[in-house]
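Heads up: numbering here begins at 1 and tracks the sequence.
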Amino acid sequence: MSERDAYIEKAKAKLEQWNAEIEKMKAKVDEAEADARIEYEKQLEEARNRRDEAEAKLKELREASDEAWAEMKSGFDKAWDNLSESFRNAMARFK
């Protein structure tokens, strides 16, 4: 497996983990009282938006040519770190 393929697989695994966390959030939203539900829905939407942004970045990386991949990887790393932090913040507020 190439470094590129391994990197993409690692990012996909992280996205799958985020999807599982979002499902847990959704279950809490479904059980929440009306007042809490509004706040939970906002946080759930924020987490979904961050996940969607990460999926879009991963798609760009996956479709990049071999030459562009090395350049895109550093930009992706920075974007991924920012998205990860935003996702963690959304999850932390949810608990």
| Approximate separation, where rounding is to 0.5 Å, of Glu41 CD and Glu46 CD | 13.5 Å

| task | Start with the C-alpha distance between Glu85 and Asn89, add both sets of side-chain angles, then the distance that settles side chain to side chain contact (heavy atoms under 4.5 Å, CB included), and finish with yes or no. | result | CA-CA 6 Å; Glu85 182 66 25; Asn89 288 339; 3.4 Å; yes

| Stepwise salt bridge (charged side-chain N to carboxylate O under 4.0 Å, His left out) check, Glu63 with Lys59 | CA-CA 6 Å; Glu63 294 174 352; Lys59 183 177 184 224; 3.7 Å; yes

| task | To the nearest 0.5 Å, tell me how far Asn49 CG sits from Leu44 CG. | result | 9.5 Å

| If every non-hydrogen atom of Ala54 is compared with every non-hydrogen atom of Leu15, which pair is closest and at what distance? | CB-CD2, 3.7 Å

| query | Can Gln17 and Glu21 be counted as having a side-chain donor-acceptor contact under 3.5 angstrom? | reply | no

| task | In plain terms, say whether Glu39 and Lys42 are close enough for a salt bridge, that is, a side-chain N and a carboxylate O under 4.0 Å apart. | result | yes

| query | What pairs with Arg48 under salt bridge (Lys or Arg N to Asp or Glu O under 4.0 Å), at least two apart in sequence or on another chain? | reply | none

| message | Check whether Arg4 reaches the backbone of Arg62 with its side chain - one donor and one acceptor, N or O, closer than 3.5 Å. | response | yes

| message | Checking side-chain polar atoms at under 3.5 Å, does Ser2 have a donor or acceptor matched by the opposite partner on Asp5? | response | yes

| query | Are the side chains of Asp52 and Glu55 in touch, meaning some heavy atoms are under 4.5 Å apart? | reply | yes

| query | How close do Leu58 and Ala11 get, heavy atom to heavy atom, and via which atoms? | reply | CD1-CB, 3.8 Å

| message | Let me confirm one number: the CG-CZ distance from Asn82 to Arg50, rounded to the nearest 0.5 Å. | response | 10.0 Å

| remark: From the list Arg88, Arg51, Glu23, side chain to side chain contact (heavy atoms under 4.5 Å, CB included) partner of Trp18 resolves to Arg51

| request: Answer yes or no: is there a side-chain heavy-atom contact under 4.5 Å between Ile38 and Glu33? | output: no

